[in-house]
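Please read the structure below before turning to the comments.
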Amino acid sequence: MDVKSAFLNGILQDEVYVEQPKGFENSQHPEHVYRLKKALYGLKQIYVDDIVFGSTCQPLVKQFVESMSQEFEMSMVGELRYFLGLQVEQSADVIFVSQSTYAKELVQRFGLDKSKEAKIPMGANDKLSKEEEGEDVDERLYKGMIGSLLYLTASRPDICLSLGICACYHAKPKMLHLLAVKKIIKYIKGTLDFGIYYTKDTNTSLSGYCDADWAGFVDDRRSTSGDCFFMGNNLISWHNKKQNSVSLSTAEAEYIALGSCCTQLLWMRQMASDYGMESDPLLIHCDNLSAINISKNHVQHSRTKHIDIRHHFVRVLVEAKLIEIDHVSIDLQLTDLFTKPLDFNRFVNLRKSIGVCEF
């Protein structure tokens, strides 16, 4: 909820100009700015009151909304959904969340609505790197594409990895990088109606998958950590990130990813507990036996002293039986979708496994 009188109705007393939002510049007047008539969030003249609330008791929610609405003019839940173009469809058994309208507008905005569709956002052999001698491209256009695609990841986890890789080269993009971003948009063109599928026939058990692509970045040989989290059989969160340091082995990269996964899963359990949902010992699926052994075997500590001590809290969680780590075969490792470019068949299979499809 948002108090309209503190934000939307704030008439400016001073003359204020702002740049065009990144990713939404007017192509005909890219150097123009906006003159504000009313306040924007963050200006020193205005105080803004935003309220986020939740409850498992619907009558109490209704009572709180009515009470606040009597006191203030409020905008209700749903503004974020409108801004991101989220569309929610329901049936008796499922909920489907997509951004098909936004996706269509994005493809048209960058003039690729007549182009050939791409089957996957990034191929297994598509390796991006810095190109000092490559052809320069319009940096503003490149950043606009990246920024626009970022909003689409609210319902399209299948483009997170490829988009994240392309975003690393936003400072000095070359033609190779621009073509990679255009391929993502061409992939979106062929999957406009895709979104995330949630089934109502599930439970509240939390689990996660974690993985790492060792030394995957060509420029600095850092690894990519990735994880995805499920409540029951529904995907609720996903994440991938370049690791802060260079890992000396696959086991180290996987163990660091495992530590990040534990942190996120513990936070989710606390959030669920606040809503009265208790979970069994948290289950993490990992495909690297060496990383699992490091989390359980004290004898190996002498071989892993170079690993930052903050990552060894995984072992404490395992000993306290707060976390269970289960070995999963590479074929069933869902997080591969967030750590490395894949071939067509594997990409499609994993995309379906995490619930990304058409309604």
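Quantities reported herein were computed from a predicted structural model and do not represent experimental measurements.
Between Leu163 and Ile146 there is a side-chain heavy-atom pair separated by less than 4.5 Å. Between Met268 and Ile236, some side-chain heavy-atom pair lies under the 4.5 Å cut-off. Looking only at side-chain heavy atoms (C-beta outward), Asn288 and Tyr255 stay at 4.5 Å or farther from each other. You'll find the side chain of Asp211 reaches within 4.5 Å of the side chain of Lys340, heavy atoms only. Side-chain contact between Ile294 and Arg315: present, with at least one pair of heavy atoms (C-beta onward) separated by less than 4.5 Å. With contacts defined as side-chain heavy-atom distances shorter than 4.5 Å, the pair Leu337/Leu161 does not qualify.
Atom CG of residue Leu206 and atom CE of residue Met271 lie 11.5 Å apart, to the nearest 0.5 angstrom. Atom OH of Tyr198 sits about 10.5 Å away from atom CZ of Phe96, to the nearest 0.5 Å. Rounded to the nearest 0.5 angstrom, Lys104 NZ and Asp193 CG are separated by 9.5 Å. One finds the CG atom of Asp287 at 10.0 Å from the CG atom of Asp331 (value rounded to the nearest 0.5 Å). For the atom pair CG (Leu258) and OG (Ser225), the distance works out to 10.0 Å, reported to the nearest 0.5 Å. Distance check: His327 NE2 to Gln333 CD gives 9.0 Å after rounding to the nearest 0.5 Å.
The neighbour count for Asn26 CG, taken as heavy atoms of other residues, nucleotides or ligands under 6.0 Å away, is above 12. Gln63 CD: 12 or fewer foreign heavy atoms inside a 6.0 Å radius. Under a cut-off of 6.0 angstrom, the local environment of NZ in Lys200 is crowded, with over 12 non-hydrogen atoms contributed by other residues, nucleotides or ligands. More than 12 heavy atoms of other residues, nucleotides or ligands lie within 6.0 Å of NZ in Lys242, so this atom counts as buried by the packing criterion. The local environment of CG in Asn125 is sparse, with at most 12 non-hydrogen atoms from other residues, nucleotides or ligands closer than 6.0 Å. Surrounding NZ of Lys143 are more than 12 heavy atoms belonging to other residues, nucleotides or ligands, all under 6.0 Å away.
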Item to check | Full working for side chain to side chain contact (heavy atoms under 4.5 Å, CB included) between Phe230 and Thr202 | outcome: CA-CA 10 Å; Phe230 290 79; Thr202 185; over 6 Å; no
Checklist entry - So Asp336 and Ile330, side chain to side chain contact (heavy atoms under 4.5 Å, CB included) or not? Walk me through it. => result CA-CA 9 Å; Asp336 275 356; Ile330 295 178; 4.3 Å; yes
Item to check | Phe110 and Ser148: CA distance, side-chain angles, deciding distance, side chain to side chain contact (heavy atoms under 4.5 Å, CB included) verdict | outcome: CA-CA 10 Å; Phe110 295 108; Ser148 299; 3.7 Å; yes
Item to check | From CA spacing to verdict: side chain to side chain contact (heavy atoms under 4.5 Å, CB included), Val314, Ile323 | outcome: CA-CA 8 Å; Val314 176; Ile323 295 284; 5.8 Å; no
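Among residues two or more places apart in sequence or in another chain, the salt bridge (charged side-chain N to carboxylate O under 4.0 Å, His left out) test is passed with Asp227 by none. Contacts of Leu179 classified as side chain to side chain contact (heavy atoms under 4.5 Å, CB included), with partners at least two apart in sequence or in another chain: Met175.
Without hydrogens or angle criteria, Ser273 side chain to Arg269 main chain gives no donor-acceptor distance under 3.5 Å. Gln87 places a side-chain N or O within 3.5 Å of a backbone atom of Thr101 that can act as its donor or acceptor partner. Proximity of a side-chain donor or acceptor of Ser295 to a complementary backbone N or O of Ile292 within less than 3.5 Å is detected. With hydrogens and angles disregarded, no donor-acceptor distance shorter than 3.5 Å links the side chain of Tyr142 to the backbone of Lys174. Remark: the backbone N or O of Ala212 is not paired with any side-chain donor or acceptor of Thr224 at under 3.5 angstrom. Remark: the backbone N or O of Val16 is not paired with any side-chain donor or acceptor of Asp14 at under 3.5 angstrom. Of the possible polar contacts, none joining the Thr339 side chain to the Asp213 backbone as a donor-acceptor pair under 3.5 Å is found. With Gln99 contributing its side chain and Ser155 its backbone, the two residues share a donor-acceptor pair below 3.5 Å. Although no hydrogens or angles enter the test, the distance criterion places a donor-acceptor pair under 3.5 Å between the side chain of Thr263 and the main chain of Gly259. The backbone N or O of Phe338 sits less than 3.5 Å from a side-chain atom of Asn240, completing a donor-acceptor pair.
Taking each heavy atom of Val318 and Ile325 in turn, the nearest pair found is CG2-CD1, 3.7 Å. Nearest approach of Pro121 to Ile184, heavy atoms of both residues: O-CG1, 3.8 Å.
Considering Glu19, Glu31, Gln20 as possible partners of Glu25, the one that fulfils the side-chain contact (heavy atoms from CB on, under 4.5 Å) test is Gln20.
Leu176 and Ile120 fall within a single hydrophobic cluster, where Ile, Leu, Val, Met, Phe, Trp and Tyr side chains are chained together by heavy-atom contacts under 4.5 Å. Tracing side-chain contacts under 4.5 Å through hydrophobic residues (I, L, V, M, F, W, Y), one never reaches Val328 starting from Trp214; they form parts of separate clusters.
Using a 3.5 Å distance cut-off with no hydrogens or angles, the side chains of Gln264 and Ser237 do not pair a donor with an acceptor. Remark: the Glu254 side chain and the Ser290 side chain contain no N/O donor-acceptor pair separated by less than 3.5 Å.
Here Arg156 pairs with Asp158 in a salt bridge; the nearest charged N to carboxylate O distance falls below 4.0 Å.
Below 30°, between 30° and 60°, or above 60°: for His177 and Tyr169 the angle between ring planes is below 30°, a parallel geometry.
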